[in-house]
Each structure stands twice: as C-alpha cells, then as structure tokens.
2 protein chains.
Amino acid sequence: MLLQLDYKDSRPIYEQISDGCRKLILAGVLAPDEPMPSVRSMAMELSTNPNTVQKAYAELERQGVIYTVKGRGNFVSGDLKAPLGARKAELREKIAMLLKEADELGIDRNELLEGMVKK
Amino acid sequence: MLLQLDYKDSRPIYEQISDGCRKLILAGVLAPDEPMPSVRSMAMELSTNPNTVQKAYAELERQGVIYTVKGRGNFVSGDLKAPLGARKAELREKIAMLLKEADELGIDRNELLEGMVKK
DNA sequence: TAAGTGTACTAACATACATAGTACAGTAAA
DNA sequence: TTTACTGTACTATGTATGTTAGTACACTTA
C-alpha cells in the first residue's frame with residue numbers, strides 16, 4: 001500500500017493524496033521518471049473516486065512534482081530541485097509563523113524547541 | 001478595532017475570531033475578568049452575524065480562555081495557566097510535525113531554522 | 001419596566017467535497 | 001486494426017460545512 005487515507009483527518013481526500021505523494025517523491029521513495037499509479041488504479045487501491053485522484057495529480061503537476069503524458073500516464077518529475085526548494089521555503093514560513101506566535105505569548109524560542117534541535 | 005478579518009483567508013470566520021481573541025487574551029492584551037465585547041456588538045463591528053461570533057465564543061469557553069455569565073456577558077478567564085499551557089503544547093506539536101517532514105526530505109534542522117533561533 | 005446580555009432554535013443559501021456515470025482522444029501491444 | 005490501457009472533460013447528485021436571517025426566551029442591570 002503506497003498511501004493510507006485517514007478519515008478522521010479533516011483535510012479533504014484529494015489533499016491527503018497529493019500531500020502524501022509529494023512526501024514520497026521528494027523523499028526519494030519514488031524515483032524520477034518512474035510512472036505513478038494510474039488515476040483509476042490509485043482510486044481502486046484507496047477505495048475512492050478517479051475524479052478525486054485526478055484532482056490530486058493535477059495539483060502535483062502544478063507544483064512540478066510530476067508530469068503528465070496523455071495516453072501514457074503520470075511520471076515523477078525528472079528535476080525535483082524546484083519543488084523541493086519550494087517545499088523547504090513553505091516549511092520555513094510555517095515554522096516562522098508558529099515561532100512568532102510563541103513570541104507574542106512570551107514563550108522563549110529555545111525553551112519551546114527543547115529537545116527538537118541541537119543548540 | 002480589536003480584530004481584523006481576512007476574507008482572503010480560507011479559514012472560516014468563526015475560527016479567525018476565536019484564534020484572534022485567544023491570541024490577544026493569552027498575550028495579555030485583554031486582562032483577566034475584563035468583559036469581552038458582547039456577541040451582538042462584536043458582530044456589528046466585524047460586519048458579520050451574531051451566530052458566527054457566538055460560535056467563536058463557545059469555542060473560547062471550551063478552551064478555558066473566557067467564561068460566560070448568562071445575562072451579563074463573556075469575560076476573560078481569571079486563570080489562564082491551563083489554556084496557555086495547552087496552546088504551548090499545540091505549538092510544540094505543530095513544530096515537531098514540520099521538523100519531521102524536513103527530516104524525511106533530508107533537510108538539516110539547524111539549516112532549516114537558520115536565523116530563527118540562537119544556537 | 002426597559003435595555004442589554006447569552007442562548008437556542010428554524011430556514012435558506014452558497015460553497016466545497018465526493019461519488020457516479022458517460023464520453024472522447026491518445027498510446028501501446030496483441 | 002483491434003483491444004486495453006492511459007488522461008481528460010463533462011454532467012448530475014448527494015452531503016457537509018459555513019454563513020446569514022429571523023425569532024424567541026431567560027437572565028441581569030439600571
């Protein structure tokens with residue numbers, strides 16, 4: 001099983017699929033130019049609808065994580081530098097927002113990150 | 001203007017209200033046992049519906065940030081230790097999730113946090 | 001009493017999400 | 001060519017959530 005859906009998660013299914021696939025691809029679990037599961041087979045495997053999977057794949061293509069060849073299928077992007085860099089920037093942004101709130105609450109950053117990072 | 005809504009934000013209005021008020025209260029901008037704006041006046045000020053504000057206040061009461069006296073109004077909680085600790089734990093959890101993803105992407109934690117925290 | 005408070009409803013509407021079904025064009029292999 | 005895949009584009013339907021509107025009632029205070 002490539003992916004696992006969480007129905008207790010409030011996020012929509014298509015987002016769980018695209019986020020999950022992006023993690024696997026950027027982490028190197030799926031190699032560049034390797035074929036993704038087809039829209040229909042992925043839908044079968046996840047017991048969901050082909051339209052939902054297609055929406056997830058469209059988002060991945062928009063992010064540059066995969067590319068599409070009509071009639072052949074979807075494939076892992078050959079050059080992941082751009083989407084990897086973009087994701088890294090997103091992570092930095094999100095962490096910065098959380099640390100900013102911690103500041104406003106008077107929580108020391110080093111104390112908040114205790115045990116998470118080497119000083 | 002106590003709060004400012006962002007209609008470009010995808011989060012629902014009631015959540016923006018409760019999150020915004022919680023920030024102000026936990027940051028000490030609103031003092032304990034001080035009265036909150038009434039449901040109706042807050043709705044007027046934000047050009048929204050009293051029901052939406054009430055939903056936000058109900059969530060704040062559930063979190064222990066405010067307390068309600070029927071017929072009198074909503075007041076900032078007199079003891080904010082519990083909700084402040086809870087929020088701190090939530091922030092830690094969210095940061096931990098983001099750092100975990102960074103690990104899976106092969107991004108060094110210290111590099112990711114560059115400029116955000118003293119080493 | 002009058003005005004303000006929280007609270008609890010119902011109804012209506014818009015939007016997002018998901019499913020089902022159909023159809024069509026492109027690709028690859030038998 | 002035929003067959004079986006692929007992606008893509010629709011329509012229709014159902015459901016859940018969010019928001020607004022309106023009404024009503026109990027409580028508190030001046």
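In what follows, every chain begins at residue 1, and chains take the letters A, B, ... in the order their sequences are listed.
Heavy atoms only, all atoms of each residue included: Pro37(A) and Leu2(A) are closest at CG-CD2, 4.0 Å. Residues Arg92(A) and Glu111(B) share a closest heavy-atom pair of NH1-O, 3.9 Å.
Straight-line distance from the CG atom of Asn49(A) to the P atom of dA18(C): 10 Å, rounded to whole Å. One interatomic measurement links the two molecules: CZ of Phe75(A) to P of dT27(C), which rounds to 12 Å at whole-angstrom precision. dG26(C) atom P lies 17 Å from atom CG of Asn74(A), rounded to whole Å. For the pair Met44(B) CE and dG4(C) C1', the interatomic distance rounds to 14 Å; values are reported in whole Å. The distance from atom CD of Gln54(A) to atom P of dA23(C) is 18 Å, rounded to the nearest whole Å. Nucleotide dC9(C) holds its P atom 15 Å from the NZ atom of Lys55(B), rounded to whole Å.
On the nucleic acid side, DNA chain D has its first and last nucleotide under 4.0 Å of a heavy atom of chain B at dG18(D) to dT29(D), going 5' to 3'.
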### Task
Go through Glu104(B) and Lys100(B) one step at a time and tell me if the salt bridge (Lys or Arg N to Asp or Glu O under 4.0 Å) criterion holds.
CA-CA 6 Å; Glu104(B) 293 164 351; Lys100(B) 176 163 172 274; 3.6 Å; yes
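A sub-4.0 Å separation between OP1 or OP2 of dG26(C) and a side-chain N or O of Arg72(A) is absent. For the OP1/OP2 pair of dT19(C) and a distance below 4.0 Å, the side-chain nitrogens and oxygens of Thr48(A) include at least one atom meeting the criterion.
Of the listed residues (Asn74(B), Asp33(B), Asp79(B)), just one forms a side-chain hydrogen bond (donor to acceptor under 3.5 Å, both in side chains) with Tyr67(B), and that residue is Asp33(B).
Under a 3.5 Å cut-off, the side chain of Arg22(A) and the backbone N or O of Val65(A) do not form any donor-acceptor pair. Side-chain atoms of Ser38(A) come within 3.5 Å of backbone atoms of Ser41(A) as a donor-acceptor pair (strictly under, hydrogens ignored). Checking side-chain atoms of Gln16(A) against main-chain N and O of Asp6(A) turns up a donor-acceptor pair under 3.5 Å.
Looking at Arg40(B), its side chain has no donor and acceptor atom pair within 3.5 Å of the base of dG4(C).
Here dC17(C) is the nucleotide among dT19(C), dT5(C), dC17(C) with the atom lying nearest to any side-chain atom of Tyr14(A).
Heavy atoms of Asn51(A) sit under 4.0 angstrom from at least one base atom.
With the nearest nucleotide of DNA chain C identified for both Thr68(B) and Thr52(A), Thr68(B) has the one nearer the 5' end.
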